[in-house]
Number of protein chains: 2
Amino acid sequence: MASRGKATILDIASKAGVSKSTVSLVLQGSALIRPETASRVRKAIEEVGYVYNRGAANLRKAHSNVVGMVINDLTNPFFAELAVGMERVFQSAGIVPFIANTAESPVRQGEVLKSLLEQGVAGLIVSPAHGTSPDAFEHIRSAGIPVIFTMRRLSGSRIPVVVPDNPRGAFLATRHLISKGHRRIAFLGGFPDMVVYHERVGGYREALAAHGIVADETLVIQGDTNRKGGMSAIDTALAFSPAPTAAVCFNDAVAFGAMTGLRKRGLEPGSDFAIVGFDDVAEAQHYMPALTSVAVDTAGLGERAAHTMLNMIRAGTTDAESHIGAISLIVRDSCGPDITEARRTA
Amino acid sequence: MASRGKATILDIASKAGVSKSTVSLVLQGSALIRPETASRVRKAIEEVGYVYNRGAANLRKAHSNVVGMVINDLTNPFFAELAVGMERVFQSAGIVPFIANTAESPVRQGEVLKSLLEQGVAGLIVSPAHGTSPDAFEHIRSAGIPVIFTMRRLSGSRIPVVVPDNPRGAFLATRHLISKGHRRIAFLGGFPDMVVYHERVGGYREALAAHGIVADETLVIQGDTNRKGGMSAIDTALAFSPAPTAAVCFNDAVAFGAMTGLRKRGLEPGSDFAIVGFDDVAEAQHYMPALTSVAVDTAGLGERAAHTMLNMIRAGTTDAESHIGAISLIVRDSCGPDITEARRTA
DNA sequence: GGTTCTATTTGGAACGTTCTAATTCACGGA
DNA sequence: TCCGTGAATTAGAACGTTCCAAATAGAACC
């Protein structure tokens, strides 16, 4: 049946024999109205199947209850895990996160952002698409809407950031390979126009330097930060002579790709070539061989970002402390045993 | 600087020296207003950094431009792929999909749905959480909001559905194993309160019957539809005597779990035990061994669902044809070579 | 009975759009 | 001069909420 026009606060007011103001108060759980009246109103609400019109409310209220999560690649399970961590926090604060995917396209990102803004979001948590210009966000921020970057940052931007300790992570990963006896170690994936890339490559170089190994710049191989990028990067790496015996990968996706690439050439990851990943996605521990990776506490970062956002919203500010999350190296099987002196120089 | 109150249509009207009606018309790209005036207005819009208030507009307009995608498990890359397919279609129609995750919890799903409805969505594409009661959605539908189920259906519901041909997929998968010489074939994962489960188990049974194999009901092993579920299901399966030599898995996640479980017991998937998955997620072809799986054309299903939704919105109806997507078996390495008579009866 | 409280309830003006029904203006024809 | 026409613009009433200020009803006090 469902009458075409949806029920409004007015309908339920007349049904309950009170004024619209009273209904509004009940909806907001105000202590002002008499419990008895309140329950009568609630009953009426139930009966007509009323649904609250948040758009109308936001017209009067200062801010909405939705924050946007703008994510550059939803098919990377890493971001899904991040989203899940955030949702937990937001849920209990009564605010609803809407997730939008930009598929790594700045254009798409612009559209998505526009929509979210039109919808009147209270804040934005963003992992910016590759190639984003920083202005876009400064603009939003200076309009008074809190923005947090997560996992990626834009150079020169003053927007608060929640990221893992990338340099340290890459340092630990590299040091691990060195301690296993490797000397020719490649770095696979990523592009120099991402800040994260410099952070991770920086940690890698630092570790090499700290152990007196001269970095061979040809072993730093750029590429897409997904499986495919990993497969082609490992091909490039193995073409050098002498070839590297190990690689630190930009992230786990690249690492999985690199491992597949090794197998294609008849090399077994772990025993023939050591691989370390970054992110420690759920899949890492189930892979064959299980992937040694830098764990970034994804869900924790998500929660942290969500909390920070909550505080910004409550305080009505667009400023916040950035957070650099602790990382840890999870050693599994993909680096194999220590290599012998013979192989090292082979 | 950014003055606290955001600019409205009125501000830009006075700035451009026209009425608010004119501005509104310009915003909607009406042909009524003189191009010269239009560009003057657009200039003013640009200058003040005006952002459209869709909430206010929706108060007058019939329906909004957002549809909700409610997904039961965003960490399953399968759903991310599905979402990506939908987004492509919606984007070009000027409508914005907001994604929300229910983490397989009916309670969470209820909350998410409530929010979406309050936000005034034009439609809902839902992969219902495990344990959802059908009433929840009939309710929404009878309020005039188009709902489509995707990937999963609820028994007894009249809501249109976009799903792969599950019985056929399971049939093909099972037949493939039979043709390889297997006779004791398990079915791993899923629960009988999901319609999909019955569809897939049904296809499995049908294939067995078609080849004159008596189904052993103990080999149909229920469990969670994720990696962990797969690991425990394979354990259960191998405890039987005689043990099965092959398994059809509820989905790829279960298949990956099962393969990990096999390795834990020193069995090699492919050569020692044959595995077929369902969904053919991107990872399937990169796994070791590459997973034989039933491809469901994920992106295509997503596009189909989105198109159907678009039509429903435009036609103002809550009815639509259901769509059963064609499937195909992708044969890779996880079923190994044909088994010998000797092993079959071992 | 009149006052002053307190506890509830309510009217009405926003909020930023859209949309219908005017209004205005310039022009050509009678 | 007056009228009709059509193009361009506009006033003003919605839309469904919130929230301030004000109203109402008892109860308590003198």
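Bear in mind that the values here come from a model prediction, so they are computed numbers and not experimental data. Lettering of chains follows the sequences in order, A, B, ..., and the numbering in each one begins at 1.
- With hydrogens and angles ignored, no donor-acceptor pair closer than 3.5 Å exists between the side chain of A/Lys6 and the base of D/dG16.
- The backbone N or O of A/Thr298 lies less than 3.5 Å from no partner atom in the side chain of A/Glu81, so there is not a single donor-acceptor pair.
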- Step by step, work out the side-chain contact (heavy atoms from CB on, under 4.5 Å) result for B/Thr102 and B/Ile71. CA-CA 6 Å; B/Thr102 64; B/Ile71 282 180; over 6 Å; no
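- Between D/dA11, C/dT17, C/dT10, one nucleotide has an atom nearer to the side chain of A/Ser19 than all others, and that is C/dT10.
- Note that CE of B/Met312 and OG1 of B/Thr317 are 6.0 Å apart. Values are rounded to the nearest 0.5 Å.
- Side-chain atoms of A/Glu138 never come within 3.5 Å of backbone atoms of A/Pro134 as a donor-acceptor pair (strictly under, hydrogens ignored).
- Residues from residues 110-122 of chain A with heavy atoms under 4.0 angstrom of DNA chain C: there are none.
- In this structure, A/Leu25 atom CG and C/dT9 atom P are separated by 9 Å, rounded to whole Å.
- Relative to the side chain of B/Ala56, the nucleotides D/dA11, C/dA13, C/dG16 differ in distance, and C/dG16 lies closest.
- D/dT18 atom P lies 6 Å from atom NZ of A/Lys61, rounded to whole Å.
- Using a 4.0 Å heavy-atom cutoff across all strands shown, A/Leu10 reaches no nucleic acid atom at all.
- Below the 3.5 angstrom threshold, one finds a donor paired with an acceptor across the side chain of B/Ser21 and the base of D/dA11.
- Rounded to a whole Å, the CG atom of B/Leu59 is 17 Å from the P atom of C/dA14.
- Nearest-nucleotide assignment on DNA chain C puts the 5′-proximal partner with A/Ala31, out of A/Ala31 and A/Lys20.
- Distances were taken from every side-chain heavy atom of A/Thr8 (C-beta onward) to each of C/dT9, D/dG16, D/dA11; the shortest belongs to D/dG16.
- Judged purely by distance below 3.5 Å, without hydrogens or angles, the side chains of B/Asn58 and B/Ser64 never pair a donor atom with an acceptor atom.
- For the pair A/Leu32 CG and D/dA22 C1', the computed distance is 14 Å after rounding to whole Å.
- Contact between the side-chain N/O atoms of A/Gln28 and the OP1/OP2 oxygens of D/dT17 is not found at any separation under 4.0 Å.
- One N or O donor and one acceptor, one from the side chain of A/Arg60 and one from the base of D/dT18, sit under 3.5 Å apart.
- Side-chain contact between B/Phe137 and B/Ser157 is absent, with no heavy atoms from C-beta onward closer than 4.5 Å.
- In terms of modelled atom types and a separation under 3.5 Å, the side chain of B/Ser92 and the main chain of B/Val89 share a donor-acceptor contact.
- If you take CZ of B/Arg40 and C1' of D/dA8, they are 12 Å apart, rounded to a whole angstrom.
- Rounded to whole Å, the distance from CG on A/Asn58 to P on C/dC15 is 15 Å.
- When the C1' atom of D/dG16 is taken as reference, atom CG of B/Asn53 falls 13 Å away, rounded to whole Å.
- Of the candidate nucleotides D/dT10, D/dT9, D/dT17, D/dT10 has the atom nearest to the side chain of B/Val18.
- Residues A/Glu118 and A/Lys114 are paired through a salt bridge, judged by an N-O separation under 4.0 Å between the basic side chain and the carboxylate.
- Base contact: B/Ser24 has a heavy atom under 4.0 Å from a base atom.
- B/Thr22 comes within 4.0 angstrom of a nucleotide base, judged by non-hydrogen atoms across all strands.
- In this structure, B/Arg34 places its CZ atom 7 Å from C1' of D/dA8, rounding to the nearest Å.
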